[in-house]
Every structure is written in structure tokens, then in C-alpha cells.
Amino acid sequence: MRRFYQESWQGIPFTHFTQTHFFHLADAKFYSVFYEELFRRYQNWDDLPETWRKNKTADAVWLAERIKTHQKDESHSLRVLSIGSGVGYMERMLIREMRGSIELYVNEPSTVCMKWLRRLIPSDKIFIGLPPGCLSPDITYDVIYLSAVDYGIPQAQLEHTLDMLRFLLRPGGEIICLSASLLKEENLLASFVNFAKNILRGMLHYLGIRRQQFWGWRRTKSEYRQLFRNCGYKNIEDGILDDGFKTYWICGNTGDGFQVQASDETEAPKEQN
């Protein structure tokens, strides 16, 4: 794992609306203020940066095809849960791609970023708070996915969350993690260089030359695979999406006889557990 830092997001510099913290992870208050600023600048989904929207659309198309493999017949509506839905652009595109064959639930730590998504998702299918505690134990899902949210979750909390989410999957159900923060495997020299860079970043931050926010952690493929194994997932697969940003994906299921073949558009080494 490696820490990483951000100065802006969605074209919005953090220093324009809040104080950044080099050692403290962005908290709920930070995101609330950020989304208030985002909604002040952008009026709807189509105003968001075009490159980002294209990337997320490609991810949603891939995700929809993956979810459809769980569909037994056309009359079977798939129940899907999004963990950390954000402004909901992925969810908007997923609903469009699934064409009525999906019952979508969403989760977010705060209500602030739900402004647009509430137009699409009924209030009884929205869970506000930190998973798994905020989720209903009586609702199970065919698929649960996390799209570009894992970076902001500490290791122990992420492992606990993934472990508990497994019990909310139906037999054969699958969990999918799309990560925008993949870290390449490093040798000792690369680790030292990164350590030195972080010292320099810290100096620039506290001198007021380049203010950065501690944004989260990058993880390697081997760390993601071990994480999924630790949480009891079976038939683990992973690969890289052809979405312009080379988004990494990894998934695993409950091991009840269900197994999906990887798409031809991805590189997907597979592990059997």
C-alpha cells in the first residue's frame, strides 16, 4: 500500500473551498463542503468533465454486461447495490444500460451528494451511512459493486466491509471492485524514492507552496487478491478495463457454483480458491 495525495477533484481545487490536511484523510465534512461546491459549479451530470464522463460510461457499460450474466431469464430483475455512489453518474448510466432489468440500491456516507441521484432512486432504496452498519440485513443482492471508493477506506475497515458484504449476497452472488488507484508492484528502490517524494510533498505543503490533501491508499494487484481471499471470496478474477484510464477491476463470488468468464476486452488472470 502507498499513500497518495490530491490537490483537486472534478476540476475543483481544494484550496478554493476548504483547508487541506497532509496527514489526515478527507472526512465527511470535507466531502460535504466539496459536493456543495460541485453543485454550485455544475447544474447536472452532463456539465461534469467530458473525459471523466466517458470513462465512467465505459465502466458502466462493462459493469452492465457483467451483471447481466447473473440474469436467469428476462423476467428476472437483478438486485444490485452500489457502495459509495457519489454523484450517481455511474448509477445513471447503469440504469440506462440495464433497461429496466435492475433493482438498484445505493449507499453513501452523507446525503449532500445525493442531490441528482434522488431523481432516479426511490428513498427506500437509499442507505445513508457507513457500510455495513447502515445496510438492511434483510435485503440480499445478486451483485454488489464499489466503484472508485476503495482508495479512501483504511485497510482494516475495507477488509471488514468486504467480509460483511459477502453475507448480503444471494447464493452465487458477486462483489465487484473497480479501482482507479492501482499501484504497480514495487521494489525496494521504488519504495525509497516514493518515501523521499512524500517528504518533499510534506515540506511543500507546510511551506504553503503546494497544498495537498491526503486522499487515500494505492494497493497492488497482489494486495487486492489477498484482501478478497481473506474475506472468503471464491473464483477471484481481475483485469484492466479499456476505458481510457485503464481502470483495474477485481471480483469474487460466494462460491456456490457460479462462475463468470472474463470479457474479451480485459486482461483477466484468474485464481481458483
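Side-chain atoms are counted along with the backbone in the values below, which use heavy atoms only and exclude waters and symmetry mates.
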Q) Is the F34-W9 ring centre distance short of 6.0 angstrom? A) yes
**Q.** salt bridge (charged side-chain N to carboxylate O under 4.0 Å, His left out) contacts touching residues 127-145 (sequence neighbours left out)
**A.** D142-R170
Q | W116 and Y89 aromatic centres sub-6.0 Å | A | no
Q | N44/F39 under side chain to side chain contact (heavy atoms under 4.5 Å, CB included): CA gap, chis, key distance, verdict | A | CA-CA 8 Å; N44 56 56; F39 291 133; over 6 Å; no
Q) Side chains of R3 and F214: closer than 4.5 Å at any heavy-atom pair? A) yes
Q | Considering all heavy atoms, the nearest I67-L78 contact | A | O-CD1, 3.3 Å
Q.
Just by distance, no angles: are the side chains of D238 and Y224 close enough, under 3.5 Å, to form a donor-acceptor pair?
A. no
Q) Within 45° of the six-membered ring axis of Y151 and under 6.0 Å from that ring's centre, is NZ or CZ of R218 located there? A) no
(Q) Do L48 and I12 land in one hydrophobic cluster if side-chain heavy atoms of ILVMFWY residues count as linked below 4.5 Å? (A) yes
Q) Just by modelled atom types, is the A28 backbone N or O under 3.5 Å from a matching donor or acceptor in the S32 side chain? A) yes
Q. How many angstroms lie between atom SG of C113 and atom CD of E36, to the nearest 0.5 angstrom?
A. 11.5 Å
(Q) Among I175, N253, L227, D163, which residue satisfies the side-chain contact (heavy atoms from CB on, under 4.5 Å) criterion with Y233? (A) I175
Q) Between Y31 and W215, is the ring centre distance below 6.0 Å? A) yes
Q.
Taking S123's backbone N and O only, do any of them form a donor-acceptor pair with R118's side chain (distance below 3.5 Å, no angle check)?
A. no
Q) Of R166, K234, R66, which is the lone residue that meets salt bridge (charged side-chain N to carboxylate O under 4.0 Å, His left out) with E174? A) R66
Q. How many angstroms lie between CG in L168 and OG1 in T254, if you round to the nearest 0.5 Å?
A. 12.0 Å
Q) Would you call D59 and M90 a side-chain contact if the rule is heavy atoms closer than 4.5 Å? A) yes
Q: Just do the side chain to side chain contact (heavy atoms under 4.5 Å, CB included) check on L158 and D150 with the steps written out, would you?
A: CA-CA 7 Å; L158 180 58; D150 57 287; 4.3 Å; yes
**Q.** Nearest-0.5 Å distance, CD of residue E108 to CD1 of residue I121
**A.** 12.5 Å
Q) Quick one: are the ring centres of F30 and F17 less than 6.0 Å apart? A) yes
Q.
Checking E91 against S85: is there a side-chain donor and acceptor pair closer than 3.5 Å?
A. no
Q: Would you give the length of the straight line joining atom SG of C251 to atom CG of N235, rounded to the nearest 0.5 angstrom?
A: 9.0 Å
Q | Carboxylate-amine/guanidinium proximity below 4.0 Å for E37 and R41 | A | yes
Q: Enter the distance from L135:CG to N107:CG here, rounded to the nearest 0.5 Å.
A: 5.5 Å
Q: Check the surroundings of atom NZ in K68: do more than 12 heavy atoms from other residues, nucleotides or ligands lie under 6.0 Å from it?
A: yes
Q: Is it possible for you to say whether I126 and I95 belong to one hydrophobic cluster, with membership spreading through side-chain heavy-atom contacts below 4.5 Å?
A: yes
Q. Looking at CG of L241 and CG of L178, how far apart are the two atoms once the value is rounded to the nearest 0.5 Å?
A. 6.0 Å
Q. What are the two closest non-hydrogen atoms of V149 and G84, and how far apart are they?
A. CG1-O, 3.3 Å
Q. Within 45° of the axis and under 6.0 Å from the centre of the six-membered ring of Y105, does NZ or CZ of K125 qualify?
A. yes
